[in-house]
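In what follows, a structure is listed as structure tokens, so that the remarks can point back to it.
So that the names make sense, note that chain A is the first sequence line, chain B the second, and so on, each numbered from 1. The model shown is predicted, which means the values in this text are computed figures rather than measured ones.
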Amino acid sequence: MSASNVFTGMAHTCIHWFRKGLRLHDNPALVAALRDCKELYPVFILDPYLYNNTLVGINRWRFLIGCLKDLDCSLRKLNSRLFVVRGKPEEVFPKLFQKWKVTKLTYEYDTEPYSLSRDKTVTTLAKEHGVEVVYKISHTIHDMDRIIEENNGKAPLTYNRFRTILKTIGNPKKPIPAPAIEDTKDVKTPCSENHDKNYGIPTLEDLGHDTTTLGEEKFPGGEQEALRRLDENMERKDWVCKFEKPQTSPNSLSPSTTVLSPYLTFGCLSARTFWWRVTEVYQGKKHSEPPVSLHGQLLWREFYYAAGVGIPNFDKMEGNPVCTQVDWDTNPEYLAAWRELISWIINVSWVLCMSCKARTGLPFIDAIMTQLRQEGWIHHLARHAVACFLTRGDLWINWEEGQKVFEYLLLDGDWALNAGNWQWLSASAFFHQYFRVYSPVALGKKTDKNGDYIKKYLPLLKKFPAQYIYEPWKAPRSVQQAAGCIVGTDYPQPIVQHEVISKKNIQRMKLAYAKRSADSAESPNESPSKKQGVKRKAKSVIDMLQKKDKK
DNA sequence: TCTGTCGTTGACTAA
DNA sequence: TTTAGTCAACGACAG
């Protein structure tokens, strides 16, 4: 290791590879990079596998660019710069290793399947080039591999089980401070005059985006903004102590939660820093507890990360052992209506279409999808509403389709959380009470009787009286005329009758579950302890249903 | 092996 | 306005 360098007076030429973890605070891999370092190259790679216009929507691009600009700004204060490189990491690194005579590579550990295989390839390449590799865990609060090990090699499938495992692991580590200028006084970052041309941060236009229709930037990316938002939220001590997620509103006009999630996703904010700041606020005070508290929210993130590590094909239905196999419909029209609504363009003027793209004919759902598209963030319960609606509740479309849309549009689109929550909401895994269905009408009314949220995001409905705002098709013709919006012409009829279709879908879920039990009886669990014992006659689906009916 | 309890956030109705 | 019961009945976990 670096011992030889110490004795010979040699110091490292090091690349710190930023991927997530776009911050200086609580960044142990960056600190490791600065140890025995004479030259530091902070690098971000625009990997086309992760960052392309099919996967990443314009708002998420804008957020990323904000993060990179902020990072470059912070690095300048340490007399360094960020190097943005385009290309596949396995092609980029060998060139950089040679060009800069690199001896050490540091990065933050990333547990996503693509990241693991990418990092394995890059590590092999590094070794071939005589480059030492150092990585540190700091994207999650805990070590996911350790959690799975403590749970006998499997991901915990319930939150309680997950918390039990955490008790054996103990408190999270304390975050470490950002490197200061003293830490980099012997470190140089060689920059040419052409730095911005060769390694600059791209603009949205560079990436081929039309920015003329871009909305206000409500949540600018970057570590400084993340820390500012954290401070701002932690100042509300009473609110922090009383925070209970289910009590927050999905349809308030300004967010009822912290909106720190995008900053956690990109690693502008360290989850450990967040955790310990909340702990400080709790000190000596009565406070809410997981799963509903702010700590609880951070633990949900860890829960899904562990699931993403321990469960194969976690982002798919097929080949995913915890996911109930459901005979979802293929219905491009329904999907388009939920997502953005191509089929309604014919009937509606372009101006109206531009201002309100989603068109299921259910204002609460359409308003949420409009907010998602415009702002890149929606409240967790709003996600529940539209996710349940797309899948088991109403449209009976595979959750993987929703997963793709969320990944594209959400600033906090996070692989493990996205996959896990879609399975939860579709009652495919983790949550199994499929007969509990959200009403696209009733849910929103609980916290917004007047429908102000709907009026904000679907202005063409703004003149409807509160009585009909959630169900405009029920309004008498005269009311529709007075509101200047005729249902079926200006705004669509609901694409489904929720009361009818949701009951039908519950029965379809019941069948999927029965088939699941029958299948697991046919091919019992893989675990050796369960393989032993008397073989039982496999039950058919029909047997299962008959048994259930008799009850 | 079986059984009881529990599960971040349902909707609806009646009191 | 808030709370409890009903609807129908799931899987994971712990004992």
Side-chain angles (χ1 to χ4, degrees), chain A residues 151-152 154-165 167 242-252 256-257 288-304 307 310-311 321-326 364 378-389 392-394 417 420-421 423-447 449 470-471 498-499 502-521 524-525 527 529-530 532-536 544-545 547-551:
Chain A
N151 195 42
N152 307 316
K154 292 171 293 183
L157 293 180
T158 64
Y159 192 79
N160 278 342
R161 180 69 197 149
F162 177 78
R163 288 197 72 198
T164 306
I165 299 299
K167 277 178 202 147
K242 285 182 177 154
F243 184 93
E244 292 191 7
K245 188 63 163 281
Q247 302 309 317
T248 60
S249 162
N251 46 9
S252 52
S256 59
T257 51
S288 53
E289 293 284 347
V292 294
S293 63
L294 281 175
H295 270 171
Q297 306 313 302
L298 285 166
L299 293 181
W300 279 108
R301 178 172 180 268
E302 305 276 307
F303 172 77
Y304 286 124
I311 298 164
V322 306
C323 183
T324 303
Q325 306 295 302
V326 178
F364 186 52
I378 50 177
H379 184 274
H380 189 64
L381 276 175
R383 301 179 197 202
H384 279 217
V386 295
C388 183
F389 185 83
R392 67 186 170 89
D394 299 79
L417 277 68
N421 278 306
Q423 285 171 84
W424 181 293
L425 264 303
S426 61
S428 299
F430 309 115
F431 173 85
H432 308 280
Q433 290 163 298
Y434 55 78
F435 36 86
R436 291 189 173 178
V437 178
Y438 288 97
S439 159
V441 170
L443 180 66
K445 276 188 187 170
K446 279 196 288 195
T447 44
K449 248 189 151 149
Y470 285 88
E471 302 166 284
H498 174 75
E499 305 72 32
S502 61
K503 287 199 176 70
K504 215 165 121 187
N505 288 347
I506 288 171
Q507 293 312 308
R508 288 181 88 172
M509 271 322 267
K510 191 174 174 175
L511 275 167
Y513 269 67
K515 189 166 185 305
R516 174 193 150 121
S517 322
D519 288 350
S520 70
N525 208 305
S527 86
S529 62
K530 285 194 178 175
Q532 295 163 358
V534 187
K535 275 186 189 170
R536 278 175 301 178
M544 297 297 297
L545 287 171
K547 193 188 162 195
K548 279 169 199 287
D549 286 342
K550 272 181 196 168
K551 274 192 193 172

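Each of dA12(C), dC10(C), dT8(B) was ranked by its minimum atom distance to the side chain of Tyr434(A); first place goes to dC10(C). You'll find that the side chain of Pro291(A) is closest to dT8(B), out of dT8(B), dA12(C), dA9(C).
One atom, CZ of Arg516(A), and another, P of dG11(C), lie 6 Å apart when rounded to the nearest Å. Here dC13(C) presents its C1' atom at 11 Å from NZ of Lys154(A), a figure rounded to the nearest Å. Taking atom NZ of residue Lys515(A) and atom P of nucleotide dC10(C), one finds them 18 Å apart after rounding to whole Å. Atom-to-atom, CZ of Phe303(A) to P of dG7(B) comes out at 14 Å; the value is rounded to the nearest Å. Atom-to-atom, CZ of Arg161(A) to C1' of dA14(C) comes out at 9 Å; the value is rounded to the nearest Å. Straight-line distance from the CD atom of Gln325(A) to the P atom of dC10(C): 19 Å, rounded to whole Å. Here dC13(C) presents its C1' atom at 11 Å from NE2 of His432(A), a figure rounded to the nearest Å. As a whole-Å value, the separation of Asn160(A) CG from dA12(C) P is 14 Å.
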| said: Run the ring pair (Phe, Tyr, Trp, His ring centres under 6.0 Å) test on Tyr304(A) and Phe430(A) for me, step by step, so that the C-alpha distance in whole Å, both residues' side-chain angles and the decisive distance to 0.1 Å come before the verdict. | reply: CA-CA 10 Å; Tyr304(A) 286 124; Phe430(A) 309 115; 5.8 Å; yes

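Under the side chain to side chain contact (heavy atoms under 4.5 Å, CB included) criterion, Ser256(A) pairs with Thr248(A), Ser249(A), Ser252(A), His379(A), sequence neighbours left out. With sequence neighbours excluded, the residues forming a salt bridge (charged side-chain N to carboxylate O under 4.0 Å, His left out) with Lys445(A) are Glu471(A), listed by chain and number. His384(A) pairs by the side chain to side chain donor-acceptor pair (under 3.5 Å) definition with His380(A), Tyr438(A), not counting sequence neighbours. When the ring pair (Phe, Tyr, Trp, His ring centres under 6.0 Å) test is applied to His432(A), no partner is found at least two apart in sequence or on another chain.
Of the N and O atoms on the side chains of Thr324(A) and Arg516(A), at least one donor lies less than 3.5 Å from an acceptor on the other residue. Under 3.5 Å, the side chains of Asn421(A) and Arg383(A) contain no donor-acceptor pair of N or O atoms. Side-chain contact of Gln325(A) with Lys515(A): a donor-acceptor pair under 3.5 Å is absent, judged by distance alone.
Between Tyr434(A) and Lys510(A) there is a side-chain heavy-atom pair separated by less than 4.5 Å.
Nucleotides of DNA chain C nearest to Lys449(A) and Gln507(A) differ in position, and the one nearer the 5' end is that of Lys449(A).
Base contact: Gln297(A) has a heavy atom under 4.0 Å from a base atom.
Using the six-membered ring where Trp is involved, Phe431(A) and Trp424(A) have ring planes that are parallel, under 30° apart on the 30 and 60° scheme.
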Protein heavy-atom contacts under 4.0 Å, written 5' to 3' over nucleotides 9-15 of chain B as B (base), S (sugar-phosphate only) or - (none), form the string BBSS---

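Between dA8(C) and Lys510(A), no contact under 4.0 Å exists linking OP1 or OP2 to a side-chain N or O.
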Read 5' to 3' with Watson-Crick or G-U pairs under 3.5 Å, [ ] for crossing pairs and | for partners on another strand, DNA chain B gives .||||||..||||||

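Nucleotides dG5(C) and dA9(C) are separated by 16 Å at their C1' atoms, to the nearest Å. Remark: the separation of the C1' atoms in dA14(C) and dT1(B) is 13 Å, to the nearest Å.
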